Amino acid sequence: MFRTHTCGELRLSDAGTTVTLSGWVQAGRDFGGLTFVDLRDRYGITQVVFDSDDDAALTERARKLGREWVVQVKGTVRERTNKNPNRPTGDIEILATEFQVLNKSKVPPFTIEDESDGGDDLRMKYRYLDLRRGPLQRNLMFRSQLALAVRAYLGGQGFIEVETPNLIKSTPEGARDFVVPSRLNEGQFYALPQSPQTFKQLLMVAGYDRYFQIVKCFRDEDLRADRQPEFTQIDCEMAFVTQEEVLNTFEGLTRHVFQQVLEVDLGDFPRMAYDEAIRRFGSDKPDLRFGMELTDLNAVARGKGFQVFDAAELVAGIRVPGKADLSRKQLDALTDWVKRPQIGAKGLVYVKCNPDGTYKSSVDKFFDQQALAAWAEAAGAEAGDLLLVLSGEAEKTRTQLGNLRLHVAREYDMIPAGVFAPLWVVDFPLLEWDEESNRFHAMHHPFTSPKREEVDRMLTGDHETMKSLKADAYDLVINGAEIGGGSVRIYDRGLQEKNFQLLGFTPAEAEEQFGFLMGAFEYGAPPHAGIAFGFDRLCAVMNGQSSIRDFIAFPKNNQGRDVMIDAPARIDAQQLDELNLELSIPDASVKPGQNG
Ligand code: ASP
């Protein structure tokens with residue numbers, strides 16, 4: 001038997017028991033005749049002591065143990081004289097009577113401790129060592145617990161988990177597809193699913209009216225801290241339901257898992273229409289943990305001879321409470337921040353509402369005290385507050401202010417810790433006009449239904465009407481992160497064809513790509529609707545973190561590489577041959593060290 005107990009299990013009540021533990025050497029310390037070894041496994045750390053007065057030879061051998069060696073120790077549990085209150089096992093130690101080395105270890109390239117000294121790249125390369133560290137172990141255990149809670153809840157609600165294929169045809173979720181060449185079908189390619197969207201709809205046609213799946217999805221996008229090329233969704237679909245029932249079902253799921261895993265009661269989720277979210281927060285995923293809503297200042301700021309504002313479609317601001325005392329340098333830093341290309345504002349106007357009731361602004365030349373007082377009043381600003389104002393084209397200005405709002409809140413620590421603010425954003429537009437490609441995109445995806453009362457307008461309307469169509473589409477937002485999104489679906493062939501047409505598909509293209517789905521709609525498709533949650537992101541948000549990487553056992557880096565296994569990699573000529581593929585890039589163009 002390798003072990004009678006884990007390294008996290010023994011307590012004072014076990015004193016006197018003879019036990020066997022197996023684990024990794026976290027650290028060793030010598031004190032005169034005593035040698036202490038901390039033995040670690042995923043359950044905890046237990047101190048083992050070797051006493052040379054008891055067994056000099058054994059102690060001598062123990063002194064040679066290195067970090068991360070795998071050992072098995074037999075001994076007796078005893079009370080520690082020098083207790084460690086920070087460890088659950090800190091009241092006891094094992095007085096060793098025997099041990100054996102199960103395996104040696106090289107000196108690890110970084111310390112296996114909660115705060116490691118290893119840089120990101122190194123830890124990614126040795127992910128299996130990084131995964132030994134407490135924070136990552138806790139994250140993965142959290143993830144597992146959350147998945148179990150989701151399955152238990154949905155199972156209890158009559159959902160069945162159905163697996164859908166990974167080798168499929170493109171699903172349009174707005175990203176590029178990863179493709180897989182087919183050996184058996186010369187010159188043809190599978191696409192990896194961006195989501196199981198069409199399959200879950202087909203399951204509804206097949207009569208499985210409550211489906212879910214915890215499933216990998218693949219999207220070839222530029223990567224960020226909260227994006228990975230492969231990520232996990234809790235994917236769900238229901239038939240014979242209204243939007244209301246979908247929202248209630250998945251609000252129930254979300255509340256259940258927060259309660260179950262975090263013991264947090266989320267209460268009822270507020271709802272906000274998309275238009276309102278944009279107007280008040282400059283974002284379709286507003287972070288409701290703090291205020292600083294956007295104020296429209298057109299009425300008080302335009303028409304006063306300040307050319308920049310007069311030419312603007314919108315002048316709007318945010319009130320930053322208690323920050324009238326920001327220094328010149330701090331304000332300059334904010335100005336630089338909004339002028340970065342990612343934000344793209346031309347400049348930033350500020351108004352300080354001084355404690356003595358006067359105002360100081362960066363546009364004093366154009367606006368006197370009375371005019372500034374009118375701004376402050378419009379924004380509900382009081383003495384001591386700061387107003388930050390942007391102007392320009394309405395939509396852009398709102399987005400810029402929404403970003404500034406988040407930046408200021410983070411920069412000046414205005415986001416309360418340990419708070420969860422859930423929100424349903426509803427009534428999304430159906431279509432989104434893209435200036436660059438001069439065509440409409442589906443705001444959610446092409447299978448999303450317009451609101452029922454919008455169908456006639458959709459079938460007959462002009463371009464401007466199309467822009468204003470609303471969909472039965474919804475997002476679940478928590479703390480400013482999009483946790484889930486879904487919609488009521490089109491289940492009628494004619495309407496689906498019309499939607500593809502609006503999106504710029506010719507009938508032949510629509511038929512070629514989605515004929516299977518439209519065909520299925522001709523065989524008794526029930527009304528249906530669904531949602532998918534970003535599972536990795538949910539894990540991160542529940543833990544107050546922004547990087548999903550730390551919740552994925554083996555993630556990719558931000559070049560989309562797995563540096564541990566060194567993927568992607570070249571394949572050999574014979575494999576290319578079998579797949580009838582020829583590379584247009586010569587081998588020499590592969591950067592040295594990129595792969596095998
Ligand atoms: N397939 C959608 C997505 O991945 C979710 C849904 O509409 O159910 O965002």
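Just so it is clear, the values below take in all heavy atoms, side chains as well, and ignore hydrogens, waters and symmetry mates. None of these values were measured; they are calculated from a predicted model. As the structure lists them, so they are numbered: ligands from 1, and atoms in each ligand from 1.
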Does the Lys NZ or Arg CZ of Arg537 fall within the cation-pi geometry relative to Phe231 - under 6.0 Å from the ring centre and within 45° of the axis?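 No; the conditions do not both hold, so Arg537 does not lie above the ring face of Phe231.
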For Arg489, which part has a heavy atom under 4.0 Å from ligand 1: side chain, backbone, both, or neither?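 For Arg489, the contact with ligand 1 is made by the side chain alone.
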Is any side-chain heavy atom of Phe212 closer than 4.5 Å to a side-chain heavy atom of Glu161?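 They are in side-chain contact.
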Aromatic ring pairing [X]/[Y], orientation class (parallel under 30°, perpendicular over 60°, tilted between):
X	Y	value
Phe514	Phe447	perpendicular
Tyr126	Tyr128	perpendicular
Tyr474	Trp424	perpendicular

Short list, please: which atoms of ligand 1 are under 4.0 Å from a heavy atom of [X]?
X	answer
Gln233	3 (C), 4 (O)
His444	5 (C), 6 (C), 7 (O), 9 (O)
Ser195	1 (N), 4 (O)
Arg219	3 (C), 4 (O)
Ala532	5 (C), 8 (O)
Lys200	6 (C), 8 (O)
Gln197	1 (N), 2 (C), 5 (C), 6 (C), 7 (O), 8 (O)
Ile531	8 (O)

Can you confirm, on distance only, whether ligand 1 has an N/O atom lying under 3.5 Å from any N/O atom belonging to Gln194?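 Min N/O separation from ligand 1 is not below 3.5 Å for Gln194.
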Can you report which non-hydrogen protein atom sits closest to atom 5 (C) of ligand 1, along with the distance?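 Residue, atom and distance for the closest contact: Gly485 O, 3.4 Å.
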To check your reading of the model: name the closest protein heavy atom to atom 9 (O) of ligand 1, its residue, and the distance in Å.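 Its nearest protein heavy-atom neighbour is Glu173 OE1, 3.7 Å.
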Among the heavy atoms of Gln201, does any lie under 4.0 Å from an atom of ligand 1?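 It does not; every heavy atom stays at 4.0 Å or beyond.
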So, Lys556 and Glu230, do they make that salt bridge, N to O below 4.0 Å?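 Between Glu230 and Lys556 there is a salt bridge, with a charged N closer than 4.0 Å to a carboxylate O.
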Is the shortest distance from a Lys or Arg side-chain nitrogen in Lys169 or Asp177 to a carboxylate oxygen in the other one below 4.0 Å?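 Here Lys169 does not pair with Asp177 in a salt bridge, since their nearest N and O are not under 4.0 Å apart.
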Can you see whether Glu251 engages Thr254 through a side-chain donor-acceptor pair at a distance of less than 3.5 angstrom?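 Looking only at side-chain atoms, Thr254 and Glu251 do not form any donor-acceptor pair under 3.5 Å.
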Out of curiosity, Asp296 CG to Arg398 CZ, how far, rounded to the nearest 0.5 Å?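 So the gap between those two atoms works out to 6.5 Å.
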